[in-house]
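Notes follow once the structure below has been shown.
Just so it is clear, the values below take in all heavy atoms, side chains as well, and ignore hydrogens, waters and symmetry mates. Here is the naming used below: chain letters follow the sequence lines, and residue numbers restart at 1 for every chain.
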Amino acid sequence: MEKGYLSLVLHAHLPYVRHPEHENFLEEDWLYEAITETYIPLIRIFDGFLNDGVDFRITMSITPPLAHMLSDELLQNRYLRHLERLIELARKEVERTRHEPAMNRNAHMYLNEFLDVRRIYVEKYDKNLVAAFRKFQDAGKLEIITCGATHAFLPLTFERATKAQIRVAVKSHERHFGRKPNGIWLPECGYKPGDENILKDEGIRFFIVDTHGILHGSPRSRYGIFAPVYTRNGVAAFGRDVESSKQVWSAEEGYPGDFSYREFYRDIGFDLDFEYVKPYIHDQWLRINTGIKYYKITGNGDYKEPYDRRQALDKAAEHAGNFLYNRQKQIEHLQGFMGKKPIILSPYDAELFGHWWYEGPDWLNYLIRKLHYDQDIVRMITPSEYLRENPQNQVVNLSLSSWGHKGYCEVWLESSNDWIYRHLHIMAERMVELAEANPTPDLLRNRALNQAARELLLAQSSDWAFIMKTGTMVDYAVKRTKDHITHFNRLYEQIRNGRIDEGYLADLEYRNNIFPDIDYRVYRSTT
Amino acid sequence: METGKKKTSLKKMSKKELVSLARKNGLKVNTSLLKNDLIALLLTIDNKTAQPQKAVKGKSRVRAEKKQTAKELKIAAPPKVETPAALVEASKFYEGPATPDQGTEAYDVPDSYNRNLLVMMPRDPHWSYLYWELTSEHIEANKLKLSDSESAKLILRMYDVTDVIFNGNNARRQWDIDLVGNPRNWYVHLGVSDCDYIAEIGLIDKCGRFIALARSNHIRTPRDNMSDLIDEEWMMVEEDFEKMYRLSGGYDYNRSSAEISELLAKRWRFDISSGGISSSGSGAQPRDKNY
């Protein structure tokens with residue numbers, strides 16, 4: 001009999017980046033890399049569990065933009081083109097490195113990996129990864145939850161816009177996954193008091209907050225973060241466990257920084273001759289990452305040794321064992337102390353596994369198999385399952401919080417990005433105004449109103465503010481923000497003046513086609 | 001890439017970089033050529049064959065077959081972030097240390113929307129961010145109401161309205177902030193967490209007469225420590241709670257509880273000001289560069 005629960009939550013998200021107007025577009029690579037390095041490796045290990053009869057429970061938030069991009073035909077075909085190029089490059093690499101055994105082994109590793117990714121993508125799932133995740137959901141192993149429609153940081157979003165973010169997300173989720181989401185990953189764990197009322201209206205039963213959201217709640221939480229609490233209206237909040245987070249997240253103290261693991265910042269896109277890699281990086285003048293990386297972290301300095309896959313896998317198995325041991329000890333200790341079974345909820349960015357931490361999916365594979373075969377102290381659980389089994393919980397007023405640096409809003413509200421809010425706020429106000437003033441528009445106006453709503457939502461992605469702060473790809477984030485602001489303002493004027501430029505509108509619909517069945521009335525106060 | 005676009009990116013390169021780029025593309029040039037000549041020459045070659053290697057700043061890369069030492073290879077610098085989670089999140093958007101220009105230039109967004117308003121947003125338990133818009137007509141019209149309009153200056157007036165239904169005169173405390181340098185936004189240190197605040201922007205003359213031009217929305221700052229309130233239904237002894245709190249990661253393991261509350265509180269208080277009061281003029285044009 002188990003003594004406690006482990007709930008692994010993987011937050012899978014990328015902002016909506018799709019540029020049909022360009023033949024090649026660098027930022028679309030974000031998606032392609034995540035598919036190759038994270039989403040397909042996760043699907044592969046989940047399939048392995050099903051095949052081997054390994055019972056498992058994972059919770060994943062698959063955000064509406066990601067689900068939309070994964071189901072988009074243009075991006076599916078472009079991904080395949082990207083993958084074919086990668087396979088071609090890997091073949092060349094096998095040939096180029098033939099006299100260097102250590103490198104050659106790694107070149108073979110990538111070639112085999114990419115070929116298998118293609119097999120899974122094309123043959124097994126017919127380019128539809130949403131269907132793959134849905135399969136694990138329908139098998140009762142994976143709980144898929146939603147997120148803000150475009151990952152808006154909600155503590156800095158006013159009420160009506162928040163409501164639209166949630167409602168549009170729930171609808172999109174239902175369309176992609178065939179059922180309403182029971183839970184939500186609040187973007188960046190950003191919670192502000194009162195948002196639970198919007199969640200409840202949309203049928204959401206739980207969300208996840210950072211540790212201090214509960215610890216600084218009032219009254220004090222009896223079980224800390226080791227049991228969920230209810231907000232006043234009965235929507236549950238689960239808190240992030242610090243200890244297990246640190247072990248996996250932290251590059252210094254955590255597993256991913258181990259010297260045997262693959263070095264992320266060392267890519268042949270930069271290491272090899274430009275002429276040689278040029279066809280595989282981009283139709284531009286710049287070097288970028290290819291995803292083929294031959295070195296291990298090795299040490300703290302610049303000196304890097306070739307990656308040794310066998311050694312890295314041994315390490316991943318060892319770290320999985322260590323993680324499990326620590327959770328067992330943590331749970332045994334807590335259970336004795338609490339007098340009830342604790343739940344350890346460990347959330348991670350899904351892209352940590354594979355993209356950032358190359359061996360992450362292997363670690364997860366080892367961990368889940370160990371959990372299944374080797375012990376019965378820890379049981380994997382989803383938040384929904386937990387709430388079904390433990391319907392009684394303490395009521396706590398939670399504190400505004402996020403999982404960003406310093407725990408509040410500063411990452412998304414500082415000198416590099418604070419300029420966006422004066423625009424985002426008035427756009428939301430104007431959208432409400434338009435929705436109220438146009439209860440029964442004609443067809444063209446209806447299209448313009450829906451597109452205005454899309455432009456507003458796309459401008460609200462917290463990713464843009466985040467990128468502005470971190471300092472890489474800033475121009476793109478600024479441009480995207482300004483583009484959506486401008487599109488919205490033009491549509492606003494056109495709708496108000498009754499002179500809608502159909503060509504302009506059609507172009508926006510063609511480019512920014514997220515949420516095909518959106519209804520701008522989501523911004524009306526009466527709905 | 002269109003010619004205009006290419007020209008812009010060539011213009012950003014140094015003359016030395018242009019020379020080496022031209023030579024790389026088989027053009028016979030010497031350093032006596034002017035920068036504009038080099039650009040003109042480079043524009044004559046086919047777009048796809050010219051590759052200014054911004055990422056390596058003109059330094060030629062070692063050939064694939066050549067023996068490479070780690071020192072020769074520049075390892076891409078990771079993005080600037082503070083937490084492991086942010087590093088992972090940043091890695092999702094990381095394609096290399098330099099970013100290319102793509103597509104068309106960004107649109108200019110309006111500086112203002114011709115309104116009079118003040119908006120306040122909570123940044124953390126101790127700081128809020130305010131932005132505003134004031135039309136010059138609105139300012140001028142109100143200036144006239146002051147007896148000494150010459151000396152009128154713009155200030156923010158902050159009100160702590162915790163447990164108060166605010167009527168303009170009953171704040172628990174209030175203080176003014178001089179707005180130096182015609183800013184369009186400001187970060188305000190509020191001092192006390194878990195409190196309610198409202199702000200006004202307005203004109204004050206040297207006699208101290210104040211006319212509000214806009215009043216903000218109301219905000220409540222988040223708590224920065226554990227609550228004093230212990231739910232009656234779930235009463236528990238202090239010791240238990242302390243332990244629960246510690247196990248939940250509320251503080252470092254080897255410290256005493258007195259140290260801990262201090263630690264937690266300190267984490268959010270004055271050291272949180274990184275770049276805090278730096279707001280002057282950062283409005284809708286955060287940099288002088290055109291996007």
Side-chain angles (χ1 to χ4, degrees), chain A residues 26 29-30 156 211 215-216 218-220 222 224-225 242-243 249-251 265-266 270-274 276 284-289 302-304 349 351-352 355-356 394 399-400 403 405-406 408-410 413-415 418-419 422-423 425-426 467 470-473 475 478-479 482-483 485-486, chain B residues 51-55 61 63-64 70 73 75-76 78-96 98-100 102 106-107 109 113 119 121 123-124 129 131 185 222-223 226-227 229-231 234 236 241 244-245 247-250 272 275 278 282-284 286 291:
Chain A
L26 176 64
D29 284 8
W30 298 342
L156 302 179
T211 320
L215 292 187
H216 294 173
S218 182
R220 293 178 182 180
R222 167 89 160 84
I225 50 155
V242 175
E243 194 185 323
W249 277 115
S250 172
Y265 293 110
R266 196 58 191 277
F270 290 89
D271 282 0
L272 299 187
D273 184 70
F274 191 72
Y276 176 82
Q284 287 279 342
W285 294 0
L286 280 179
R287 289 172 177 276
I288 53 160
N289 289 339
D302 284 352
Y303 173 71
K304 303 290 169 194
D349 269 350
E351 296 78 11
L352 171 102
H355 177 63
W356 169 250
Q394 190 187 351
S399 180
L400 185 151
W403 75 348
H405 182 52
K406 297 182 186 174
Y408 298 96
C409 308
E410 193 176 340
L413 183 62
E414 53 118 49
S415 56
D418 55 21
W419 61 275
R422 71 171 69 231
H423 301 286
H425 291 165
I426 191 175
I467 294 171
T470 55
T472 48
M473 301 295 217
D475 288 359
V478 170
K479 182 170 154 48
K482 290 188 169 180
D483 281 359
I485 293 169
T486 305
Chain B
Q51 311 104 24
Q53 295 182 20
K54 270 200 227 163
R61 307 298 296 189
R63 292 205 67 87
L73 292 163
I75 292 163
K80 287 191 173 57
V81 294
E82 291 90 353
T83 63
L87 194 62
V88 175
E89 190 169 338
S91 82
K92 297 198 295 191
F93 313 120
Y94 186 81
E95 300 297 338
T99 56
Q102 291 205 91
Y107 298 108
V109 293
Y113 293 86
V119 175
M121 298 153 74
R123 191 187 80 176
D124 55 56
Y129 169 74
Y131 72 83
N185 52 41
R223 303 184 60 85
M226 59 176 118
S227 168
L229 199 64
I230 298 166
D231 186 54
W234 292 84
M236 61 197 286
F241 180 81
M244 227 47 246
Y245 189 78
L247 289 169
S248 293
I272 219 159
S278 63
S282 66
Y291 292 102

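- With a 4.5 Å cut-off on side-chain heavy atoms, A:His355 and B:Ser91 count as touching.
- Shortest non-hydrogen contact noted between B:Ser227 and A:Pro219 is OG-CA, 4.3 Å.
- The OH atom of B:Tyr129 sits 11.0 Å away from the CD atom of A:Glu414 when rounded to the nearest 0.5 Å.
- Residue B:Arg123 holds its CZ atom at 6.0 Å from NZ of A:Lys406, rounded to the nearest 0.5 Å.
- Interface summary for chain B: among A:Ile467, A:Thr486, A:Ile485, A:Leu413, the most heavy-atom pairs under 4.5 angstrom belong to A:Leu413.
- From A:His425, atom NE2 reaches atom OH of B:Tyr113 across 12.0 Å, with rounding to the nearest 0.5 Å.
- Remark: B:Tyr94 OH to A:Asn289 CG distance equals 6.5 Å, nearest 0.5 Å.
- Atoms CZ and OH, on A:Arg422 and B:Tyr131 in that order, are 7.0 Å from each other to the nearest 0.5 Å.
- Although no hydrogens or angles enter the test, the distance criterion places a donor-acceptor pair under 3.5 Å between the side chain of B:Arg223 and the main chain of A:His216.
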